[in-house]
Amino acid sequence: MERFQTKKTIDAYTRVGLARDKNRPGIADYIDALFTDFFCCRGDRIGLEDEAILGGVARFHDLPVTVIGHRKGKDLEENVRFNFGMPQPEGYRKALRLMKQAEKFGRPIITFIDTPGAYPGLAAEEHGQSQAIAECLAEMSSLKVPVISIVTGEGNSGGALAIGVANEIYMLEHAVYSILSPEGFASILWKDASRSKDACELMKLTADELYKAGFIEGIIREPEGGIQADPEVGFAGIDKCLQDSLQKLCALSGTRLQKERYEKFRNMAR
Amino acid sequence: MSDFFKERRKLLFSLRELRGKNNTGKAGSNAGDRAGEGSNGVSSTVKCPRCKREYPQMLMDRKKMVCPKCGYHLPISAEERLKFTIDSDSFQEMDAELETVNPIHFPGYTNKIKSIQNQTGRKDGALCGTATVRGHKLVIAILDHSFMMGSMGSVVGEKITRAAEYAMEEKLPLLIFSCSGGARMQEGMFSLMQMAKTSAAIKRFSEQGGLYISVLTHPTMGGVSASFATLGDIMLAEPGALIGFAGPRVIEQTIGQKLPEGFQRAEFLQQHGFVDAVVSRDKLRSNIAKILTLHCY
């Protein structure tokens, strides 16, 4: 696991650009590279399926795990189909269903965070976006299996946190994680979305800043030009990080995992 | 029935005459603002922002700041909320001293907080404590919209969490009135994490068998609605309250069309299955008491 200072020369705004780069690997690439025997699980069991969340069961070095992540898609056609990685409530309900299932079968949960935020739309509100996210936060906090989250691209707002209440949270070097997209932040504070660059500098959203503030457990190094420039190097880093983390967490009892996760968030930002 | 209204009108007009002519015109030009003392110092008035009628402050106090004519629920302060909900003199405040430390060193935030603290006499946007409602003891938390729109930063999150923890320890029911624009931007990631912290605390409280009554008031949005506010065992909402995840403006910009009438209002949420009941302010107290007795408190 790499714990180091990221290169200061890259400013927050540039990192946001790198994090959002359409060539950056997505959840499907991570599943291909890091897991075997992936079985995709669909649907919220209430009546809907949201493809902005991809999830299922797979093996990680022989160990069965549940994998869940935001899905943005590779090209425009996929982007539209997956709603640019912005989940609807049904996506969060599916994620929660998979997490409860993982708990039932004693599987560790690994989540990959990469979303502009939960979708702000008509149907999303009708189907209870708030309630779906709140439910995820509450239930995740009490799971009795290891939960590891990796922020791989942009993690924005409650839409990211909803699958991020983990025992350990890691970030790729150029990933960003924040309360809202810089555009949304600028729009709320200054009524001017074009000031997103100013927002980036103020928001403290880089992996380095969040590590220093104690929000994340570690930073995974990316090759020059970001993980998109040489994915294999990045995948190896994530693989190593997950192995170390799982080894540590799998040794703990369910109640201990639950208690430690609760206390981690309880003491965060106190 | 119409006689009743005629009587009421007569009373109101007589009061208006008593106040003199100054208040009949454009007094309180800001919709919903309470006009100051009348020119002759007899009484102040309150103007309903929806139907534009004016009423004496005393009458509106008795009506719990609900327009007697059109039923509009005017925004109220945390103190008024407390007064309208609990048994008088039963409130004991908790954690009043907590204040923010400007965790991401956001420029100008410390000064802004100081000035709002001076205006409101409160350290941050939540009022928490114990009280009784018709004799039933409970833990109550009220978000204050006048404090940076009731937004949830580290202090609001911590106070809600402590309220849930205290309710758990003392085996008391928990009553929260939410009223918030969402997460507080000026505290960045520290605000976002309050969503996880408060939700986890509510979950723990719930696992210990605690009763949590959540009352959604105008407005309850974003990070507050997507955390503790929607996790109540019993979900109540005030008529007309705007409740949702994304703000109407953001949704309109995203989908490129106008939102339908009544979208994200309390009644809309009831219709879609997210609140148990839309309860008018004058019936809240009796409903809360009823729910408490039904849960053997």
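Just so it is clear: chains get the letters A, B, ... in the order the sequence lines come, proteins before strands, and each one is counted from 1.
- The two residues B:F245 and A:A118 have their closest heavy-atom pair at CE2-CB, 3.5 Å.
- Residues A:L137 and B:K203 form no side-chain contact, since every pair of their non-hydrogen atoms from C-beta on lies 4.5 Å or further apart.
- Contact of A:A124 with chain B is not made at all, since no heavy-atom distance falls under 4.5 Å.
- A:K264 places none of its side-chain heavy atoms less than 4.5 Å from the side chain of B:K197.
- Heavy-atom neighbours of A:K100 NZ from other residues, nucleotides or ligands within 6.0 Å: above the threshold of 12.
- Ring geometry for B:F106 versus A:F185: interplanar angle over 60°, hence perpendicular rather than tilted (30 to 60°).
- With a 4.5 Å cut-off on side-chain heavy atoms, B:P260 and A:L122 count as touching.
- Within 6.0 Å of CD on A:E77 lie no more than 12 heavy atoms contributed by other residues, nucleotides or ligands.
- Closest non-hydrogen pair, B:L231 versus A:A138, comes out as CD1-CB, 3.9 Å.
- Contacts between B:Q253 and chain A at a heavy-atom distance below 4.5 Å are absent for every atom of the residue.
- Using a 4.5 Å cut-off between heavy atoms, B:A201 touches chain A through backbone and side chain atoms alike.
- Summarising the local packing, CE of B:M149 is surrounded by 12 or fewer heavy atoms from other residues, nucleotides or ligands at distances under 6.0 Å.
- When atom types are taken as modelled, the side chain of A:E126 and the backbone of B:H272 share no donor-acceptor pair closer than 3.5 angstrom.
- Counting all heavy atoms, side chain and backbone alike, B:R184 lies closest to A:I179 at O-CD1, 3.7 Å.
- Contact annotation for B:L269: neither backbone nor side-chain heavy atoms come within less than 4.5 Å of a heavy atom of chain A.
- The distance from the CE atom of A:M86 to the OG1 atom of B:T254 is 7.0 Å, given to the nearest 0.5 Å.
- Scanning all heavy atoms of the two residues, the minimum distance from B:I255 to A:P120 falls at CG2-O, 4.4 Å.
- Considering only heavy-atom pairs separated by less than 4.5 Å from chain A, the leading option among B:E207, B:E165, B:E252 is B:E165.
- Counting heavy-atom pairs closer than 4.5 Å to chain B, the top residue among A:G158, A:A213, A:S142 is A:S142.
- Heavy atoms closer than 4.5 Å to chain A are found nowhere in B:F228, neither backbone nor side chain.
- No other option in A:V165, A:L205, A:L180, A:L161 has as many heavy-atom pairs under 4.5 Å with chain B as A:L161.
- Highest contact tally toward chain B, considering only A:E135, A:K204, A:Q131, is held by A:Q131 [criterion: heavy-atom pairs under 4.5 Å].
- Annotation: B:Y297, atom OH; neighbour count of heavy atoms from other residues, nucleotides and ligands within 6.0 Å is above 12.
- Of all heavy-atom pairs between A:S130 and B:T230, the closest is O-OG1, 3.8 Å.
- Considering all non-hydrogen atoms of both residues, B:P107 and A:L202 come closest at CD-CD2, 3.5 Å.
- Neither the backbone nor the side chain of B:I202 comes within contact range of chain A; no heavy atom of the residue lies under 4.5 Å from a heavy atom of that chain.
- Between chain B and the residues A:Y177, A:Y119, A:Y262, the most heavy-atom pairs under 4.5 angstrom are made by A:Y262.
- Few gaps surround CD on B:Q257; more than 12 heavy atoms of other groups in view lie less than 6.0 Å from it.
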